[in-house]
Amino acid sequence: MGARTSAVVYVFMAVASWVGVAAAEEASSQQQLADRAEIEELITRYVTALDTRDADLYAGVFTEDGVYELPDNVVHKGRAPIRKIVTDLQESRARNDAAGKPSPSLYHAMFNHSIELVDATHARHHCYVQTVRAADGGQFVVGFMGRYDDELVKRDGRWYIQSRKLVSFVQ
């Protein structure tokens, strides 16, 4: 092989290597965008399930062995105890309705999201959370303000909450 042929082969191999690296980086960037979008959708499913009191959807955003830690060291471990949060809420509202004291609907707002992709199957999510309810005169009253600190995992191609800690901004 002559010098000219060797140079052409070298340039071709260098370009092929660069194209391969660029393609891998592009695929990685696209996967990161897809992961972020799925995590955002996961968080939306969580709040939708809570506001609509859909116990199955609510529990389904957590892993089977998920942990949900509330203020005052209240900890729910596993999907069944986490699901019970919503079924207890359903039962409480039904009792209040039956007693002629309907409970006002709560609306959860989550904002200032931060998503950190740790690796291909682990992420962290943090956001502020606020609950509001309708009050007399068309006003809304803030019922709670705090922060969620989440550890997320990707299993079988889907993101789930592995652990969630609710931190209150008030005592």
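Residue numbers start at 1 and run along the sequence shown.
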S.K.: With a 4.0 Å cut-off on N to O distance, would you call D65 and R155 a salt bridge?
M.R.: yes
S.K.: Passes side-chain hydrogen bond (donor to acceptor under 3.5 Å, both in side chains), H125 versus H113? Steps please.
M.R.: CA-CA 7 Å; H125 169 260; H113 296 271; 2.8 Å; yes
S.K.: Strictly under 6.0 Å, is that where the ring centroids of Y160 and F62 end up?
M.R.: no
S.K.: Would you kindly confirm whether L50 and L70 end up in one hydrophobic cluster when ILVMFWY residues are joined by side chain heavy atoms under 4.5 Å apart?
M.R.: yes
S.K.: Are Y58 and L166 co-members of a hydrophobic cluster defined by side-chain heavy atoms under 4.5 Å apart?
M.R.: yes
S.K.: Nearest heavy-atom pair of C127 and M110: which atoms, and what distance?
M.R.: SG-CB, 4.0 Å
S.K.: So do V142 and T131 actually touch side chain to side chain, heavy atoms under 4.5 Å?
M.R.: no
S.K.: Mind checking whether D150 and I43 have side chains closer than 4.5 Å, heavy atoms only?
M.R.: yes
S.K.: So with a 6.0 Å cut-off around OH of Y128, is the heavy-atom count from everything else above 12?
M.R.: no
S.K.: Taking the side chain as every heavy atom from C-beta outward, state whether N96 and S92 have any atom pair closer than 4.5 Å.
M.R.: yes
S.K.: May I have the step-by-step check of side chain to side chain contact (heavy atoms under 4.5 Å, CB included) for I115 and E40, ending in yes or no?
M.R.: CA-CA 9 Å; I115 299 171; E40 289 172 4; 3.9 Å; yes
S.K.: Is any side-chain heavy atom of K154 closer than 4.5 Å to one of D35?
M.R.: yes
S.K.: Would a hydrophobic clustering, with Ile, Leu, Val, Met, Phe, Trp and Tyr connected at side-chain separations under 4.5 Å, put L89 with V47?
M.R.: no
S.K.: Can you check side chain to side chain contact (heavy atoms under 4.5 Å, CB included) on T48 and D54, steps first, answer last?
M.R.: CA-CA 8 Å; T48 299; D54 183 331; over 6 Å; no
S.K.: Test side chain to side chain contact (heavy atoms under 4.5 Å, CB included) on H108 and Q130 and set out the steps.
M.R.: CA-CA 6 Å; H108 293 75; Q130 181 180 67; over 6 Å; no
S.K.: Shared ILVMFWY cluster between Y46 and V67, side chains joined below 4.5 angstrom?
M.R.: no
S.K.: Give the cluster check for F111 versus F169: same hydrophobic cluster or not, with ILVMFWY residues linked at side-chain heavy-atom distances below 4.5 Å.
M.R.: yes
S.K.: Regarding R164 and the six-membered ring of Y148, is the cationic atom NZ or CZ under 6.0 Å from the ring centre and inside 45° of its axis?
M.R.: yes
S.K.: Please step through side chain to side chain contact (heavy atoms under 4.5 Å, CB included) for the pair I39 and L152, ending with a clear verdict.
M.R.: CA-CA 8 Å; I39 289 169; L152 310 173; 3.6 Å; yes
S.K.: Any Lys/Arg nitrogen of R147 or D149 sitting under 4.0 Å from an Asp/Glu carboxylate oxygen of the other?
M.R.: yes
S.K.: Using 30° and 60° as the class boundaries, would you call the ring planes of Y68 and H76 parallel, tilted or perpendicular?
M.R.: tilted
